[in-house]
Each structure stands twice: as structure tokens, then as C-alpha cells.
Colleague: 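Please read through the structure below; I'll follow up with questions.
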Amino acid sequence: MTPLLVFWIYIAKNDLTSCFFMQFNIITIFPEFFKSPLECGLLKKAIDSSLISFSFINPRDFTNDVHRSVDDRPYGGGAGMVMMIEPLDKAISSIANPGKILLLSPRGRVFNQSKAQELSKEESITLICGRYEGIDERIEELYDIERISIGDFVLNGGEAAALCVVEAVARFIPGFMGKEESTRCESFANGLLEHPHYTRPAEYKNIKVPQVLLSGNHREIERWRRESSLKETFDYRPDLLEDAKLLPEDYGYLRRYKNEFLGRSLYVGLVHYPVLRKDGKETAVSLTNLDIHDIARVCKTYGIGGYYLITPIIDQQNLAKRLINHWVEGPAKGINPDREKALRLVHIVDYIETAIEDIKLKTGMEPFIVTTSARDEGELGLSVVRKILKQRPVFLLFGTGHGLSKRVMEMAHGILKPIRAFDPYRHLSVRSAASIIIDRILKDVY
Ligand SMILES: C[S@@+](CC[C@H](N)C(=O)[O-])C[C@H]1O[C@@H](n2cnc3c(N)ncnc32)[C@H](O)[C@@H]1O
């Protein structure tokens, strides 16, 4: 009988999933680490049914000295030891079919569900577990290696990380899970976090299971699950929403939820006085029609609470009113309703203090004042602003002319780091800077 015929008889006799097989080769100085995880649950079942198989390669078996040393001191000095290249090289080259070679490292690209799915198509995967301070970098020049991190934290060694990768990948191998349905419905399957789960009893210590789940109405249950999944993602991992596969009706739900959630806490001020002249003296500058329109449009797009045009010069205030009224109440009203909606966000005020009082009145809270500058005077990071925004309103001030005056900088609670702080050229128009900063602050919120 030919080997091919034997193979087809085997497939015919067995369930179709049996033709999938994956080999994991783990290079580690602690193979015993994997003992118990591979002896229980689904991993054990998969090994017993020959769906997956493991081999362990210990770099110590490729050493020549009595101590079986795999590490040495780092060139250049410093704390800790480094895994030597030779035992690792020999360990890798001893594997007949290493397949895809992964190096577990906090310096790698962060592992996720789509990477797990991609790796599940491989026949063989080799995982290199580092120890000590890491491994001699030249190993990456000898082999085609992909660095993988399991998150922004540091473990003692790559073994725990390798186990995470093995489990996540194995779940995608046909036949590994009881019901294929499970991987399809899980978190990240459609780019969202999964909805919450409940089981009996329906009431525990006065806490009830959501009524809709007991209703038997499958359409309503599906809708509740979808909305809960969107809500979970919005609250815990808003960054995922950018690439998630959203349905047309999801946008309506997210918009309603977002408005409640954010409370439109970010306020923007464009200061025309007091700002700096080229020679560093204080001055007042004229309004720019483009700044009024473009920043108002950004504010509307990002759901900002309000946009204050700040100038104490009465002529300039009247000019701003005329420009805005043209679209809101005047001849252009109704011609471009989108522009009208954006310009309705604009408030014309004389001083920064007036705007602050207005924000206090609207929100009942003292706003946290953040100033912006293209000079190297800011230290405040965007993530801090984002955090504050979840607790109280933030008033974000942009300067015209040659930037906000010293007086304004002194009244702020924080000065934002400049955009492209490492670049010597960063001369942006105020409307460009406002767009970039607003997007970066709210990037993870939308
Ligand atoms: C103590 S760590 C070395 C950390 C290294 N000095 C650094 O700061 O990047 C030892 C080993 O643990 C593994 N490791 C630690 N954290 C990891 C993570 N977040 N993801 C994947 N592997 C990790 C790597 O194999 C690494 O070589």
C-alpha cells in the first residue's frame, strides 16, 4: 500500500479535523516549567489525540563545560547575564523542521488574537525562551526570527510568554476546541471585547441577571449582547474600535453612549490676547476666518464641549459675530447645515477668565487648564490630559501670534509637550496644531 493511500484511509476513518497537526518546539533551559500546563485541560486532550505535539530543546545540552553554562557577562558592562549565542544556535539547528521561529521578548511586537490566528496556519513553530537579561542579539542574524512580546511588562523568562502563545494559537487549530463556535464568538473575534456572561441562579444576594437574558426573545438578546460588547470595548479598550468591524447600527449606539460617557468635557480656547509678538512683548492679534471655521469643524467632529474665541477688542468681537452669523442666522443659513452646526459651538468672549467662568457654569466644575506651545516649555503628556478629562473638564488653550504670553502660561495647570518634540522644525498653523492635539487626546476615546 502506498503512503498516500494509507494517509487517505486514515482521513476517511477519522474525523476530518484529525488531518490538522501542529508541532511546537520549545527552546528553554527550564523544560519542567511546561509539565503541569501540558498535563491538563484542552492542551492535554490535544496532545493525547495527536493534534499537537511538543518537543523541548535545552540549550544546556549543547554546552562543553562542566557547569553547562549558557550565559556570560554582557559586553559593555552592566547588571545581569546574557544568554550565549552558541548553545542557542546549536539548539535551533538541532531541530529537523523548526518552521516559524519566534523569540519571546519584551522588545517584540505585541502578540494578539489575529497573530494567533495567523500562526495557527503553520505546521511547526519554534519558540525561544530567553532568561537573564536576554539573549545575544546576533542570533537574529543567523535565523529568520520574529520577536514577540506578550505585553508591556517584564517576566523572569520567556516560558510563561511561550505558554500564552501556545494556548492562543492552539485554540485556532480545528478540532482543539469543543465547539468551533467558541473561538468565533470570543473577545477580539470581530475586533470587539465580548459581552458579559451570566448563569444560574437568576438572582444572587439581590443582584439580578439582566432581564432581557431571561426573556427568551432571541433578537433582543442578540441586540443586548452586541450593545454590551460595544460598551465594554468603549470603556476598557477604546483603541480597538478603530479597526473593529462595526455594523451600521453600531455607530448610532456608540454615539449615544459616547455622549453620556464623555460628557463633552474638553473645551477649546483660541487666545488673541494676551499673546506674544515676534520680539517677545505682549500684544493682541486679529482674528482669522480660517481659524474660526476650521477649529469649529474639528470641535464638532470630535464632540468638544465648546470653542471660545477670546479677544477683548470690541471691533474684533463684532467681526467674529458677523462671520459666524452669516452661516448660523444669515444668508448662508440652511445652505450648509454642517457648517452651521460647527459654528454654533463658537462662543465669543473678552478674556480667558470669562470662558473659565462659563465652563464652570455649564459643568459645575473648575476646569483643568492646559496651555500649548511649540517651544520646549511643556512637560504635560497627552495620557495625563486624557485621564483628567475623565474626571473633570479640561480647557485647552491655543495661542495666536507668536504664542501664548507668560501670564497665560502661569495661570495654566500644565503646559502640553510640543507636537514632534524631538524635531527642530515644528512650525504648525494653530488650526493644524489644534486638530492634531485634539485627535491625540481623544484618539483612544473614540
Ligand atoms: C528578565 S527578561 C529580560 C528583559 C530585558 N532585559 C529587557 O528589558 O527587555 C528575561 C526574558 O523573559 C522573557 N520576557 C520577559 N518579558 C516578556 C514579555 N513581556 N513578553 C515576552 N517575553 C518576555 C524574554 O524571553 C526575556 O529574554
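Atoms within a ligand are numbered from 1 in the order they appear, just like the ligands themselves. Just so it is clear, the structure is predicted and the values come from calculations on it, not from any experiment.
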Colleague: What protein heavy atom sits nearest atom 11 (C) of ligand 1, and how far away is it?
Modeller: Gly130 O, 3.6 Å

Colleague: To the closest 0.5 Å, what do you measure between CZ (Phe395) and NZ (Lys360)?
Modeller: 12.5 Å

Colleague: Looking only at protein heavy atoms, which one is nearest to atom 22 (N) of ligand 1, and how far off is it?
Modeller: Ser105 N, 3.3 Å

Colleague: If you count the atoms of ligand 1 from 1 in the order shown, which ones are under 4.0 Å from a heavy atom of Val154?
Modeller: 1 (C), 2 (S), 4 (C), 16 (N)

Colleague: Write out the residue and atom name of the closest protein heavy atom to atom 10 (C) of ligand 1, then the distance separating them to 0.1 Å.
Modeller: Tyr132 O, 3.1 Å

Colleague: What atoms of ligand 1 come closer than 4.0 angstrom to any heavy atom of Leu155?
Modeller: 1 (C), 2 (S), 10 (C), 12 (O), 15 (C), 16 (N), 17 (C)

Colleague: Give the contacting part of Ile135 toward ligand 1: side chain, backbone, both or neither, where contact means a heavy-atom distance below 4.0 Å.
Modeller: neither

Colleague: Give the atoms of ligand 1, by number and element, whose distance to some non-hydrogen atom of Ser149 is under 4.0 Å.
Modeller: 19 (N), 20 (N), 21 (C)

Colleague: Ala161 versus ligand 1: do any nitrogen or oxygen atoms come within less than 3.5 Å of each other?
Modeller: no

Colleague: Looking only at protein heavy atoms, which one is nearest to atom 17 (C) of ligand 1, and how far off is it?
Modeller: Pro106 CD, 3.7 Å

Colleague: Looking at Leu104, Ile101, Thr28, Ile26, which one forms a side chain to side chain contact (heavy atoms under 4.5 Å, CB included) with Ile128?
Modeller: Ile101

Colleague: Looking only at side chains, do Ser124 and Asn25 share a donor and an acceptor under 3.5 Å apart?
Modeller: yes

Colleague: Could you list the atoms of ligand 1 found under 4.0 angstrom from a heavy atom of Gly158?
Modeller: 12 (O), 13 (C), 25 (O)

Colleague: Extract all donor-acceptor atom pairs below 3.5 Å that involve side chains of residues 30-47 and protein atoms in other chains or at least two apart in sequence.
Modeller:
| unit_1 | atom_1 | unit_2 | atom_2 | d |
| --- | --- | --- | --- | --- |
| Lys35 | NZ | Glu39 | OE2 | 3.3 |
| Lys44 | NZ | Asp48 | OD2 | 2.8 |

Colleague: Counting only heavy atoms on the protein side, is anything nearer than 4.0 Å to atom 20 (N) of ligand 1?
Modeller: yes

Colleague: Specify the closest pair of heavy atoms between Tyr143 and Ser93, including all atoms of both residues, with the distance to one decimal.
Modeller: OH-CB, 3.5 Å

Colleague: Against Ser187, only a single residue in Leu193, Leu192, Leu240 fulfils side chain to side chain contact (heavy atoms under 4.5 Å, CB included); can you say which?
Modeller: Leu193

Colleague: In the protein, which heavy atom is nearest to atom 24 (C) of ligand 1, and how far is it?
Modeller: Leu104 O, 3.1 Å

Colleague: Just jot down the ligand 1 atoms closer than 4.0 angstrom to any heavy atom of Gly134, in number order.
Modeller: 27 (O)

Colleague: Do Asp358 and Tyr267 meet the criterion of a side-chain donor-acceptor pair at a distance under 3.5 Å?
Modeller: no

Colleague: With no hydrogens and no angle check, do the side chains of Glu220 and Ser215 hold a donor and an acceptor under 3.5 Å apart?
Modeller: no

Colleague: List the atom pairs, donor and acceptor, that lie under 3.5 Å between side-chain atoms in residues 397-410 and the rest of the protein, sequence neighbours left out.
Modeller:
| unit_1 | atom_1 | unit_2 | atom_2 | d |
| --- | --- | --- | --- | --- |
| Thr400 | OG1 | Val271 | O | 2.8 |
| Ser405 | OG | Pro274 | O | 3.4 |
| Ser405 | OG | Glu282 | OE2 | 3.4 |
| Ser405 | OG | Arg407 | N | 3.4 |
| Lys406 | NZ | Glu410 | OE2 | 3.3 |
| Arg407 | NE | Glu282 | OE2 | 2.9 |
| Arg407 | NH2 | Tyr273 | OH | 3.1 |
| Arg407 | NH2 | Glu282 | OE1 | 2.7 |

Colleague: With distance as the sole criterion, is a donor-acceptor pair present between the side chains of Ser432 and Ser435 under 3.5 Å?
Modeller: no

Colleague: For atom 5 (C) of ligand 1, what is the nearest protein heavy atom, given as residue, atom name and distance?
Modeller: Glu133 O, 3.3 Å

Colleague: Name the closest protein heavy atom to atom 18 (C) of ligand 1, giving the residue it belongs to and the distance to 0.1 Å.
Modeller: Phe153 O, 3.7 Å

Colleague: For ligand 1, which atoms, with element, lie under 4.0 Å from some heavy atom of Ile148?
Modeller: 21 (C)

